[in-house]
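In this text, all values refer to a predicted model and were calculated from it rather than measured experimentally.
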Amino acid sequence: MSKKVKSLIERDLAGKLKGLDGLAVINPRGIDANKNNSIRRKLHAQGLRMTVVRNTLAKRAGEGETKIKGFEQLLEGPSAVVYGKAGISTIARLLLEERKLDEKIELRGIVFDGDIFLGLDGVTDVSKLPTREEAVSQILAAMLGPGASLAAALGGPGSTLGSLIKAIEEKAEKAGGAEAPATEAAAQAEAPPQGEASAPAPAAG
């Protein structure tokens, strides 16, 4: 492969990985064509992709200050990266389901927000994290439920708490953008025009 072609592949892969919070790495060896197509269809349905990579080029593409920095630790032998729009816990759960169907599938691990989760155990740990939808439901339930429920949520693992807070902050930001103009308009409507005083109250008897 010429240096020019390698450079093009590296730039293309860097573009795909840019901005990702996390990705998974599996060993594609032993996955036949039918199984490969089946996995890709399931991934595609979740907004995910699987790309077989050349380790050297993938390592270069992942260099720099990114949230997937260090994922080169998962690149050893034949490698395929799984990434996309779905949350990292969704990726982990889908891969675990595929491994239940075929134990020959080797799960190298997951990198998420700068942390490395190695092997099957690491992927299993990530699968237990809440998805964005689950995080919103959990934090709302904690807010609406008894105080003990909220205390339990605040006392949970840091990674889970971070996911919950991030999800609710995003929801609040979206809501705040729509509510601010309405609140301002209401305040202006209630305030008397400048220069006018409120009419005095009538004197008693």
S.K.: If I take atom CZ from residue Phe71 and atom CG from residue Asp115, how far apart are they, to the nearest 0.5 angstrom?
M.R.: 15.5 Å

S.K.: I need the minimum non-hydrogen distance between Ala80 and Pro28, along with the two atoms involved.
M.R.: N-CD, 3.8 Å

S.K.: Please determine which of Ile105, Val126, Val123 meets the side chain to side chain contact (heavy atoms under 4.5 Å, CB included) test together with Leu96.
M.R.: Val123

S.K.: Write down the atom of Leu75, the atom of Ala58, and the distance for their closest heavy-atom approach.
M.R.: CD1-CB, 3.8 Å

S.K.: First locate atom CG of Asn55, then atom CD of Glu76, and finally report the distance between them rounded to the nearest 0.5 Å.
M.R.: 9.0 Å

S.K.: Given the rule in the side chain to side chain contact (heavy atoms under 4.5 Å, CB included) test, do Leu95 and Ile26 qualify, once you have shown the distances and angles that lead to the verdict?
M.R.: CA-CA 9 Å; Leu95 291 177; Ile26 69 172; 4.1 Å; yes

S.K.: Evaluate the side-chain proximity of His44 to Leu48: yes if any heavy-atom separation is below 4.5 Å, no if none is.
M.R.: no

S.K.: If you measure from CZ on Phe117 to CD1 on Ile88, what distance do you get to the nearest 0.5 Å?
M.R.: 9.0 Å

S.K.: Applying side chain to side chain contact (heavy atoms under 4.5 Å, CB included), run through Glu97 and Leu101 and close with a yes or a no.
M.R.: CA-CA 7 Å; Glu97 286 298 319; Leu101 300 175; over 6 Å; no

S.K.: Mind checking whether Lys85 and Gln46 have side chains closer than 4.5 Å, heavy atoms only?
M.R.: no

S.K.: In Å and rounded to the nearest 0.5 Å, what is the CZ to NZ distance from Arg99 to Lys104?
M.R.: 11.0 Å

S.K.: Apply side chain to side chain contact (heavy atoms under 4.5 Å, CB included) to Leu43 and Val82, showing your working.
M.R.: CA-CA 8 Å; Leu43 291 171; Val82 179; 3.7 Å; yes

S.K.: For Val53 and Val81, which heavy atoms make the closest approach, and how far apart are they?
M.R.: CG1-CG2, 4.0 Å

S.K.: State, with a plain yes or no, whether a side-chain heavy atom of Tyr83 is found less than 4.5 Å away from one of Thr51.
M.R.: yes

S.K.: Does any N or O in the side chain of Thr90 come within less than 3.5 Å of the main-chain N or O of Ala86, such that one atom is a donor and the other an acceptor?
M.R.: no

S.K.: Rounded to the nearest 0.5 Å, what separates atom CG in Leu8 from atom CG in Leu57?
M.R.: 11.0 Å

S.K.: Between the main-chain N or O of Arg108 and the side-chain N or O of Asn27, is there a donor-acceptor pair closer than 3.5 Å?
M.R.: no

S.K.: More than 12 foreign heavy atoms under 6.0 Å from CZ of Arg29: is that the case here?
M.R.: no

S.K.: Could you tell me whether the side chain of Arg93 and the main chain of Ser127 form a donor-acceptor pair under 3.5 Å?
M.R.: yes

S.K.: Between the side chain of Thr56 and the main-chain N/O of Arg54, is any donor-acceptor distance below 3.5 Å?
M.R.: no

S.K.: Evaluate the side-chain proximity of Ile110 to Ile116: yes if any heavy-atom separation is below 4.5 Å, no if none is.
M.R.: no

S.K.: Quick one: do the Arg40 and Asn36 side chains pair a donor with an acceptor below 3.5 Å?
M.R.: yes

S.K.: So Ile91 and Leu94, do their side chains get closer than 4.5 Å, heavy atoms only?
M.R.: no

S.K.: Would you mind reporting whether Asp21 and Asp113 have side-chain heavy atoms less than 4.5 Å apart?
M.R.: no

S.K.: Give, for atom CG of Asp102 and atom CD1 of Ile31, the distance between the pair rounded to the nearest 0.5 Å.
M.R.: 7.5 Å

